[in-house]
Each structure stands twice: as C-alpha cells, then as structure tokens.
Amino acid sequence: MTETTERTRIERYDPTEIEPRWQARWEELGLHRTDLGDESRPRYYLLTMYDYPSGDLHIGHWYVKTPTDAIGRFHRMRGENVFMPIGFDAFGLPAENAAIKNKVHPFAWTMKNIENMRRQLRTMGAAFDWDAEVVTADPSYYRWNQWLFLRLLEMGLAYRAKAPVDWCPNDGTLAREQVEGTDRRCWRCGERVEKRDLDQWWLRTTAYADELLDFSSIEWPEPIRLMQTNWIGRSEGAEIVFETAPDDHQPGGDELRVFTTRPDTLFGATFMVLAPEHELVAKLTAPEHRSEVEAYVAAARRETEIERLSTDREKTGVALGADAINPVNGERIPIWIADYVLAGYGTGAIMAVPAHDERDYAFAEQFGLEIRKVVAAPGTEDVLLHGAYVAHATGEVLVNSGAYTGQGADEGGRAIVAKLADSGKAEPKVTYRLRDWLFSRQRYWGTPIPVVYCERDGIVPVPEDQLPVRLPETVDYRGSGDNPLSRDEAFLATTCPRCDGPARRETDTMDTFIDSSWYWFRYLSPNADDRPVDGPLVDRWTPVQQYTGGAEHAVMHLLYSRFFTKAMADAGLVSHREPFLRLFNQGQILGADGERMSKSRGNVQDPDELVAHYGADTVRLFLMFMGPWDQGGQWNSSGIGGVHRFLNRIWTLVLDPAGKEPGDPDSGELPEGEDDAAAEATIRSAAHRTLVTVTRDYDAFHFNTMIARLMELTNLLMRYRGSVVAGSAAWEEAIRLLLLMLAPAAPHITEELWSRRLALAGTPRSSIHAERWPEVDTAAAAEATREVPVQVNGKVRDRVEVAASASEAEVEALVLGRDKIVAALAGRAPQRVIHAGGGRLVNIVVRD
RNA sequence: GCCGAGGUGGCGGAAUGGCAGACGCGGCCGACUUAAAAUCGGCUGCCCGCAAGGGCAUCAGGGUUCGAAUCCCUGCCUCGGCACCA
C-alpha cells in the first residue's frame, strides 16, 4: 500500500458531526454552569447585551457573541470563575405588531421565537450559563420591575406629571432619545412625532446628572463617554431676573427669569425672547398684537408636523408689544416670542445678545433689532461686527458695559452676577440638556405600572404583596390610538388599597428599557421569588467586569443602566454605583450592499446556512478574523474558505503528522541548513513566541491578529510535517500549545482533537476547556540570531544577521564593512550611526 | 453646523516613531490526477530593467525628526452621533 492511499484513510474534518456532539456533551457535563458560590478563584462577570427575540439570529448576533465567548473561555483557562449568562429582552412592540398582523398572542409569538433562538444560540457552541436565563416578559421578572418602580416612587425618583411630550401616532409616547433626526421621527416605525400635553410617568434621571458625568471609576470607550457627556449637556452660567415694564395694557413687575452662560454680555441684551409656550405670553401680549401672537403660538404647536428642513432655516417670531427691563442698566428692551427658544430648557426664556450669539444675531438681522457689541478681543474694540462674535480669546475685554467697561470678560461677567445677586436679581446656575426619562407607554406588551387611581385618594401604589400586577392574557390589543389595557374592564376595575373604594388601574405599561436597566443583577438569582436581587451575590459578583454590545445604546440603555444602578444603590439594594466596569463596543456588520442588514432589504446573512456548510468554528473564526472587532464592516463571505482551510490544516497536522502529501516537493525534507536539533529549536521557539503574542491579543480583544499568529505557527509546522521532527517532543509541545491557544476561539475542533490525542496517549479524557492556559518558556521563545536592517539616510540598503547578544559596537563594525553599505556611502564619512529600538535597526546618517 | 471615528495593494486588513503591505481572499505558475475538484508548493504593491539592481508608493499638500502610515498644521472624502439646549 502506498502512502497516498494510506492518507485517504484519515478521517475528514466534519464539523457537522463533531459540533452537535460536543455541544450535547458539554451540556450533559454542566461545563458551563457557574458555581456562584465558588470563592476559590477570582470571579469574572462577562456580560453581552441580551437580545430582543425577533425570531431569527443573524450574523450580527454571532459577531457580538462568539468573540465574547472566546473572551470568557480565555479567562476561564486563566483560572477565573467566569459567569456568562444570557436572556431575552422579551417585551416590546414587534411582538404586539406581529400579534396584530398574524393574530397570535404576543406571549405565544415571543416564546416561540425564544425557543428558536435558544436553538440557534446553542449552535454557536458558546459557554452560556443557561441556568441563569431571564425572560423579561415573564411575571417572575416583571414583578420586580414593579417592585423597583414602587421603591423609586417612594424615593421621589418616579413621578407623574403633565408636560409636552413626544407622541408617535403608532407607538404613543416616546422618550426623548427615542425620537430621531432633524425631522423628529419615531425610532421604531419612522413616523413623524408630535408634541402633546399629557400626564405621564417620569423617572428623575436628572437627579443624577452630575454623577452621570463622572466616569472616573469605569473604563469605557472615549466615544461613548463623550456621547453621554454631550447628551447630559452640562452648562454653567447664571439665572438672571428681568422684570416686565409697565405699559397701557398691563402693570408690569412680573419676573422674567432667563438662563445664560454669558452673563458678561448682559449689557448687549437688546431684546428678550420667550418660547411660544411660555406662561407669561398671554398676559404680556398687547391687544394690537394679540391675533398675530395667537396665530404664531398655534403654528408653533403644530411645528413638528410642519416640514422642518434644517436647523438653519430662517428665524421666525413675533413681538408681544411689551418690554422688559434690563436689571443691569434699567434699559427697556422689547419682548418677542420665537420657536428657536425651547420651552423645555432652562427657563424657556432668553435674553438675546445678538452681537455674541449666532442665533440671536440671525434673529436680530431678520427683524432689524439692535446689535450691540459688548465683548472684544484685544485690539478689536472699535472693529465693526460682521456676525456674532462668540469665540473665547484670551484677553477679551468688555466694551459698552457701563462701569464694567474695560474689565476682562470672565471677571466682568462674575462681577455682574455678584452685583445683581446682592439684590436677588441673579444667581450662579448649572443647567443640563438631559431631561427626565418619560417611561410610560400606551401599549399592551410591557410591564403594567402598579398604581391605581382612586376617586378619593388619587394615585395609590399597589402594595408589594399584591405584585405582580399581571398583564391580562386576553385583551383587545388590536387597533391603534388608545391604550389596549384601558379596553379591558376586568383589568381596569379594582379597589383602592387604601380606602377599599372603587378605583381604576393604571393602563400604561413601562418602556422596555426599564427591563434592561437592571437585568444583569437578576441573572445572579433569576428564580428568587422574595426579592429582586440577592444582596450577597450582587456584592460579590457586580459590577460586571466586562460588557460587550453595540454603540447604538450610548444614550439609552447604557445611560439608563447607570441611572438605575445609582438609584438602586441609594435604595440600599446594591453597594456600588456603576453597573459595568469595562465596556467594549464591537462594530456593526453591514449587508453586502453596505447597508444595515434588514429583512426588507433582503441583505441578511443567515448564520445557519454558513454553519451547515462550514461549521460553527469556521464561522466564529471568520468573524473574528475579518478585521478589528470594534470596526465591523460589510459582509463578504469570500474569505471564509481560507479560515476553513486553516482548521483543515490543523486537523491534518494533529491527526497525520507523518503524512506526506502527494505532490509536495519538500515533504519529508528539513529546511536547508537545519539538522534535527535546530529544527526542534525553531519549532519550540516559534510556538512560545506565538504564545506571547496570542496571550496579549486575547487580552486586548485583537482576535484578527491572534488568528493570524496561529496561522503562521500552523504554516510553520506544516513545513515540518512528514519530516523526522514531526512527532518529536518539540513538535508535540507545539501542537499542544496550538490547540490550547485556539480553544477559546474554536471550541469544538480543539476539543475533538484534544480528546483524540489523549485517547492515543492512553491518558484519561478531560476537556480542553478545563485546561489551564499554558506558561511561556521565555528561554525557548528567545532567538539565537536577529536580522538587522541597515539604513543609509533612512533608506534600507542591506540586512545583516547578527547574534542576538551582539553589541552595538560589534554590529556597527560589521555593518560598515558590508559591500552594499560601502557602495551606498559612496566615500562619504558617516556622520552619525543610530542604533534604534534596542538593536532592531541601524541607520547611518551621511551628509551629501 | 457641532462632536467623534476613520482613509494603507484588486479586496478584508497588519504595522501607532524604526524593514510598509503580516495573515487571509482573489490571481498566476507548478506538483498530484486520465481529468476535474480537493490538497500541497512557489510567485503576486506600482514603474523601469534580460538580470543584478534602481525608482516610486500609506487621501492631498506642508511641517517636525537621523528616520513618519504613525506626531503637528491645512484641506478633501467616508462613516457614526447630535439637531437652534441660550
């Protein structure tokens, strides 16, 4: 029999057989169940964002989860007790919409999807601890949303109030961050959002505004921190009190408070602008302006329904026919209303300083109002303005500012505030862009808000022992507009817990972001039926060490979770104030067309198909190999064969080291100039050097280069396959290291090969995933010689091979004698010789 | 408009002050095969040259440096976030 036919007997690498077998086995062994009570090892809570059970896993889910799994497996091999739970964000609109469309109950639809996703998730071979699973639509979860809500209510962090809110005709009320784009569309359905005055439930996120700006105890990516910082939008300034001036139609004397970040420009205030919704508008409007003002206010109410093209459209507004008095100089200045002043920010009124604010400048130009320069950069005091001067130059001084003229702008501003403060006309003030979180929703498929409305006692919380307030199972959730729960008389009618009189239940449900604001705590005790979170476990296991997920949640989920953690800390439920110590945002996988993957575009890559063809290990590896994890990218499957071939080579290498490929010209020969000992040293050195970089790459989540290094090692071993050193101690060690290093990324093939090797060696079976991460042998990793590139004036002209231990003087002597260098120097004397990077390179500097 | 990330072969990308293009895809050539596939080996940035060798090259332009894809300045382009927040 020839070697060729012998070779054909080697079993083919067949992931479709191997992978389900090991997945079943791991589950049987409970390999991925975390003993939360194990204190013998350091704990590592690794969290990846749970998913909405839309029904289908797409490649994007794999892109987040499989590298995260590799991180978890790596940490486990490093001796840590890793907890990697998973669950489902199971409340939300798509279930309800699907229910309306297909006439299935949202619960049935959701649970069917979860079933399917559990199956798909298992095909990843990820080490999720399924025992910790939570499903937020389950009463055993959402009752604790209700419990937490009651606690927040007690603490004054939840409240009900009437305010102009964002309203989508399909989806009802929305949080501010759920309204997207200049033209203000609903983040879910894309419909135009309107403003409505409604009584709604709010969470007082603004109570933690300053603390939310402090990231000093967490390691989050700079872009996310910036986005949150900008979203919170802290502005320091002053509140200044203007008074209305008396005139024919009103007596004056009303306070008009404004917030400004530029009190130094107070002398430049030449008019005031109120938001159209401002409470004093009606009172201040002069009779001859009334019709015009009322028309403008009405138009502003419809504003969001009107085509809004861009933020730099023309300014509009109308004068009220009343004046205010500038407290700093007693000057009368006209009061206008305009929609560029927002009712919801600051005091809903501004002092307009056209000379030093672009918007005020545009408005003043539009309506011919006075523009008075009061701040000037040094030497520009007499220069005419051609636009608002807003820059902050050093040495700016006040001009046209009465007694303050000539003072530095900052110092003058402080002095003006201090002076006015004496008479109660000003106070330093900090204002935030952040608003409280509107979390009540007029939909069925969410957590019922546990309060009742009593005719006698008003709003009464449902007592704890009556939780959960369950969602009624049959309800007419079809149709739009009003709230489905309000159509269910049986749900609606109740008695007041306080007076036993007739009462009606709240029919709003909670925003699903409530569910995700604390779910990682619940993973630690998903079945506890007497408390939301387990104090001792929470103390031991949280904050989460590493969180992974998309950056699209920057100002929603990630900010809400920080808020909840702080609120829960203040409620005494947890002992720390930040949820996630380290955050990593992986990039997004786009469709082959460069667009977001979506069913409607038809550009969704189905992972099941790829798994059926190549196996999960190949898909995992390919996703990690594509590029840096935080970068994402356009889907293009054309390279996946290369990764699959890599796994095939490893398979061959391990199972058939002595094989000689038919047609391989070098097979069986050692590289020229290498004897057995040298070859073994080369192999050992390569394996240990690979271990150094691979360890570093796992730590830094640089999976693409990690895999490249393993490919290099594989390619190197491939050159020795069939030679006398194949099967040597060095070879065996390299194979062992290769499998261990690959195990976190490709768990199935490595487990299979590991078990076969153990069987061959007659050693008792054990999982590769229970092995310890190998130690580097630094002596073996060292190389005997190094190659030094030699530059002349920065251009590489030669390379020399020197002993690793060669001194700079030795290298220099050798280099200067080389033919190519002598030629390149062309008789010129070296002016300087630079030995760079600890002997990595030599640069000879000569002058022409 | 403001804030942020980025721009490197035909393609994904590597190198974050020291050999530009690791690794992979694709392509070309060869081995094996009746043949093809699979597999294995070699070559593959562009230009000049038979070759040895040389020149050019990291969006564009300038600067710092012995040395720049990397640092600085100016501009262009792509992607993400924000949307008149006083």
Side-chain angles (χ1 to χ4, degrees), chain A residues 4 7 12 177 180-184 221-224 226-227 229-231 233 235 237 258-262 273 308 310-313 315 338-342 344-347 349-353 356-360 362-363 431-435 551-552 554-555 587-588 590 594 622 625-628 630-634 636-643 645-646 648-649 652 659-667 702 704-712 715 718-719 721 787-796 799 820 831-838 840-846:
Chain A
T4 310
R7 152 124 187 83
R12 255 182 61 245
E177 42 279 44
E180 297 182 329
T182 324
D183 53 353
R184 314 202 31 90
E222 180 73 16
I224 297 285
L226 272 167
M227 272 194 259
T229 301
N230 293 338
W231 188 261
S235 295
V258 301
F259 172 73
T260 179
T261 55
R262 296 293 305 276
V273 187
R308 288 183 63 167
S310 76
T311 50
D312 50 28
R313 68 188 176 140
K315 293 274 184 287
D339 61 7
Y340 83 91
V341 173
L342 306 174
Y345 181 79
T347 60
I350 61 160
M351 62 176 209
V353 185
H356 303 293
D357 182 280
E358 277 167 17
R359 297 150 302 186
D360 298 345
F363 193 82
T431 298
Y432 303 89
R433 224 185 67 118
L434 181 74
R435 309 293 155 81
E552 66 273 18
V555 295
Q588 203 181 12
L590 302 173
F622 179 57
F625 187 60
M626 275 175 48
D630 58 2
Q631 207 175 280
Q634 247 168 280
N636 177 0
S637 61
S638 69
I640 195 167
V643 171
R645 275 193 283 278
F646 163 61
N648 263 306
R649 282 203 299 278
T652 311
K660 188 172 184 312
E661 290 295 338
D664 176 359
D666 297 327
S667 176
H702 292 167
N704 57 330
T705 49
M706 179 274 290
I707 293 166
R709 297 291 89 83
L710 293 181
M711 285 174 167
E712 281 174 324
N715 293 344
M718 210 63 192
R719 285 204 289 280
R721 180 165 172 258
E787 192 187 62
V788 182
V790 186
Q791 299 181 330
V792 174
N793 284 347
K795 287 193 174 182
V796 177
R799 288 154 211 285
K820 284 184 184 171
Q831 200 178 29
R832 256 174 95 186
V833 178
I834 290 151
H835 296 263
R840 275 213 306 284
L841 173 141
V842 173
N843 188 16
I844 302 165
V845 185
V846 293

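Note on naming: letters A, B, ... go to the chains in the order of the sequence lines (proteins, then strands), and numbering restarts at 1 for each one. Keep in mind it's a predicted model, so treat the numbers as computed, not measured.
For A:V842 against A:H835, the heavy-atom pair with the smallest separation is CG2-ND1, 3.7 Å. Among all heavy-atom pairs drawn from A:A554 and A:I224, the shortest one is CB-CD1, 3.8 Å. Residues A:V258 and A:M351 share a closest heavy-atom pair of CG1-N, 3.6 Å. Nearest heavy-atom pair across A:N843 and A:G794 is OD1-N, 3.0 Å.
B:A83 atom C1' lies 15 Å from atom CD of A:E177, rounded to whole Å. Across the protein-nucleic acid pair, A:E222 atom CD and B:G6 atom P stand 12 Å apart, rounded to whole Å. For A:R721 and B:U39, the CZ to C1' distance is 10 Å, given to the nearest whole Å. Put simply, NZ on A:K315 is 11 Å from C1' on B:G1, counting in whole angstrom units. Atoms CD (A:Q634) and C1' (B:C79) sit 11 Å apart, rounded to a whole Å. Separating the CD atom of A:E358 from the P atom of B:C2 is a distance of 9 Å, rounded to the nearest angstrom. Look at OH on A:Y345: it is 4 Å from P on B:A86, rounded to the nearest Å.
B:G18 and B:C71: their C1' atoms are spaced 14 Å apart (whole Å). A distance of about 12 Å separates the C1' atoms of B:G17 and B:U64, rounded to the whole Å. Taking the P atom of each, B:U70 and B:G63 are spaced 14 Å apart, rounded to whole Å. Taking atom C1' in both B:G62 and B:G80, the straight-line distance is 30 Å, to the nearest Å. Comparing the same atom, C1', in B:U74 and in B:C84 gives a spacing of 30 Å after rounding to whole Å. To the nearest whole angstrom, the two P atoms, one in B:U44 and one in B:G24, are 14 Å apart. B:A31 sits 37 Å from B:A14 when the P atoms are compared, rounded to a whole Å. B:G81 and B:G9: their P atoms are spaced 27 Å apart (whole Å).
Pairing for B:C84 is absent, with no Watson-Crick or G-U wobble pair whose two atom distances lie under 3.5 Å. Pair assignment for B:C25 gives B:G10, based on Watson-Crick or G-U wobble hydrogen-bonding distances that are each under 3.5 Å. The pairing partner recorded for B:G30 is B:C40, the criterion being a Watson-Crick or G-U wobble arrangement whose two distances lie under 3.5 angstrom. Remark: B:C50 base-pairs with no nucleotide; criterion is Watson-Crick or G-U wobble with both hydrogen-bond distances under 3.5 Å. B:U65 is unpaired under the criterion used here, namely a Watson-Crick or G-U wobble arrangement in which both key atom distances are under 3.5 Å. Pairing partner, B:U70: none, since no Watson-Crick or wobble contact has both distances short of 3.5 Å. Partner assigned to B:A15 is none, using Watson-Crick or G-U wobble distances below 3.5 angstrom.
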Under 3.5 Å, N/O pairs linking protein and nucleotides 51-58 of chain B:
residue, atom, partner, partner atom, Å
B:G55, OP2, A:R797, NH1, 3.4
B:C56, OP2, A:K795, NZ, 3.1

Atom pairs under 3.5 Å, N or O on each side, protein against nucleotides 47-49 of chain B: can you list them with distances?
none

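One side chain, A:N715 or A:R649, offers a donor N or O that lies under 3.5 Å from an acceptor on the other.
At a threshold of 4.0 angstrom between heavy atoms, the contacts of A:V555 with the nucleic acid are absent. Nucleic acid contact for A:R12: none, since no nucleic acid atom lies under 4.0 Å from a heavy atom of the residue. Across all strands, A:Q631 comes closer than 4.0 Å only to sugar-phosphate atoms, never to a base (heavy-atom distances).
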Where protein sits on nucleotides 21-26 of chain B, one letter per nucleotide: B base, S sugar-phosphate only, - none, heavy atoms under 4.0 Å: -BBSSS
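A search for side-chain hydrogen bond (donor to acceptor under 3.5 Å, both in side chains) contacts involving A:E552 returns nothing, not counting sequence neighbours. For A:R709, the side-chain hydrogen bond (donor to acceptor under 3.5 Å, both in side chains) partners two or more places apart in sequence, or in a different chain, are A:E712. The side chain to side chain contact (heavy atoms under 4.5 Å, CB included) search around A:R832 returns A:I834, A:V845, not counting sequence neighbours.
A:E358 CD: 12 or fewer foreign heavy atoms inside a 6.0 Å radius. Shown here is A:H702, whose NE2 atom has no more than 12 heavy atoms of other residues, nucleotides or ligands within 6.0 Å.
Residue whose closest nucleotide on RNA chain B sits further toward the 5' end, between A:N636 and A:L226: A:L226.
A cation-pi contact, defined as under 6.0 Å to the ring centre and within 45° of the axis, is absent between A:K315 and A:F363.
For the pair A:T260 and A:V353, the minimum side-chain heavy-atom distance is 4.5 Å or more. Side-chain contact between A:V846 and A:Q831 is absent, with no heavy-atom pair separated by less than 4.5 Å. The shortest side-chain heavy-atom distance between A:R721 and A:T652 falls under the 4.5 Å cut-off.
Applying the 90° cutoff around 0 to the glycosidic angle, B:G9 is assigned syn.
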